Amino acid sequence: MAHDFYAFLDRMKYIKRWQLMRSVREENIMEHSQQVALFAHALSVINNKIFGGNVNAEKAVLYAVYHECSEVMTGDMPTPIKYFNNSIRGAYKSIEERAGEKLLSTLPEELRGEISKSLQPDENSAEYAVMKAADRLAAYVKCLEELRCGNSEFAKAKKSIEKDLHERKMPEVEYFMENFIDSFRLSLDELEGI
């Protein structure tokens with residue numbers, strides 16, 4: 001019997017993000033998840049090495065890898081709609097959970113328990129908080145990219161996401177913003193010092 005789990009996840013490359021906005025460069029949830037995984041790892045390492053924390057970096061990275069998987073069944077719901085009010089937020093959360101359960105059902109039974117730990121993370125954990133911050137950082141970097149290309153469509157989103165990042169009061173996020181974000185505003189030649 002064939003199992004469809006990884007074929008479903010491979011379809012992440014077809015799910016577009018930022019559907020309500022004109023983008024200079026389209027982005028899909030597969031590439032977004034990879035970027036969130038990198039940022040989750042960075043935030044975990046910063047938390048642990050700079051601020052003496054104890055975040056399990058591998059768990060945060062796995063949360064990031066799997067954080068958009070349900071969207072292969074639901075599509076990407078634009079953030080302003082998803083968080084419009086508590087009723088819609090709750091309904092969408094329920095749909096995401098059902099999609100995650102359906103995805104898990106496409107795995108052999110003996111693998112489900114292990115994969116479900118990443119697909120259905122502990123939302124009260126430090127690793128989940130790091131992953132959520134990394135997700136917002138990725139959105140912020142997307143805004144910077146679009147603005148650098150002259151697309152003012154992302155100006156309001158940039159402001160809103162930046163405010164959200166600071167309101168999280170996470171020292172690892174502030175450290176990342178202070179030490180790494182400016183480089184995302186540079187061209188390749190500028191990065192190489194040419």
Side-chain angles (χ1 to χ4, degrees), residues 1-17 27-79 82-83 86 88-142 161 164-165 167-173 175-176:
M1 174 181 169
H3 296 280
D4 302 330
F5 183 79
Y6 293 103
F8 270 119
L9 296 193
D10 189 58
R11 299 188 64 79
M12 290 172 69
K13 63 190 171 204
Y14 303 125
I15 310 298
K16 304 247 184 300
R17 289 178 45 80
E27 179 182 42
N28 64 56
I29 64 171
M30 184 178 274
E31 66 184 302
H32 166 71
S33 295
Q34 194 267 347
Q35 185 179 44
V36 174
L38 285 174
F39 290 168
H41 186 260
L43 294 177
S44 298
V45 171
I46 292 165
N47 179 288
N48 295 340
K49 298 297 182 185
I50 306 293
F51 299 105
N54 191 27
V55 174
N56 181 325
E58 290 77 16
K59 187 183 283 189
V61 168
L62 282 173
Y63 286 176
V65 167
Y66 287 95
H67 86 283
E68 300 283 24
C69 289
S70 65
E71 291 186 4
V72 298
M73 298 193 170
T74 66
D76 180 37
M77 174 75 72
T79 299
K82 192 186 312 187
Y83 297 108
N86 287 337
I88 291 174
R89 183 181 311 178
Y92 189 72
K93 180 97 172 128
S94 176
I95 291 168
E96 280 183 320
E97 287 170 2
R98 286 196 178 107
E101 290 166 9
K102 171 122 173 82
L103 267 176
L104 285 171
S105 76
T106 66
L107 280 165
E109 183 128 7
E110 56 271 20
L111 301 182
R112 290 179 194 164
E114 191 63 32
I115 301 295
S116 73
K117 293 175 188 175
S118 299
L119 194 64
Q120 299 169 327
D122 174 5
E123 294 183 8
N124 297 313
S125 68
E127 293 78 15
Y128 184 80
V130 162
M131 182 276 295
K132 291 302 281 182
D135 189 30
R136 296 303 280 163
L137 270 175
Y140 186 72
V141 167
K142 170 64 173 169
I161 294 166
D164 174 67
L165 285 166
E167 286 175 349
R168 289 172 187 269
K169 306 270 190 245
M170 296 174 71
E172 60 270 44
V173 171
Y175 183 94
F176 191 96

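All values reported here derive from a predicted model rather than from experimental measurement.
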Review point. Got a donor-acceptor contact below 3.5 angstrom from the N48 side chain to the N54 backbone?
Key: yes
With a 4.5 Å heavy-atom cut-off, do E127 and V130 have their side chains touching?
no
CG (L119) and CG (L104) are apart, to the nearest 0.5 Å, by 4.5 Å
d(E68 CD, M30 CE) to nearest 0.5 Å is 12.0 Å
Rounded to the nearest 0.5 angstrom, the CG-CZ distance for L137 and R168 is 9.0 Å
### Query
Between L9 and L103, is any pair of side-chain heavy atoms under 4.5 Å apart?
yes
If we ignore hydrogens and angles and just use 3.5 Å, is the side chain of H67 paired with the main-chain N or O of A64 as donor and acceptor? yes
Before accepting this row, confirm whether a basic side-chain N of the pair E101/R98 lies closer than 4.0 Å to the acidic partner's carboxylate O.
no
Is there a side-chain contact between D135 and F39, using heavy atoms and a 4.5 Å cut-off?
-> no
Taken to the nearest 0.5 Å, the spacing of N28 CG from Y14 OH works out to 10.0 Å
| Are there more than 12 heavy atoms of other residues, nucleotides or ligands under 6.0 Å from atom CZ of R112? | yes
Between the CD atom in E172 and the CG atom in N47, the distance rounded to the nearest 0.5 Å is 4.5 Å
CZ (R17) and NZ (K142) are apart, to the nearest 0.5 Å, by 9.0 Å
From the list Q34, H41, Q35, side-chain contact (heavy atoms from CB on, under 4.5 Å) partner of L38 resolves to Q34
Self-check item: Ion pair E123/K93, N-O distance below 4.0 Å
Solution: yes
### Message
The test is side-chain contact (heavy atoms from CB on, under 4.5 Å); show your working for R136 and Y140 and say whether it passes.
### Response
CA-CA 6 Å; R136 296 303 280 163; Y140 186 72; over 6 Å; no
TODO: State whether the number of non-hydrogen atoms from other residues, nucleotides or ligands found under 6.0 Å of F51 atom CZ is greater than 12.
DONE: yes
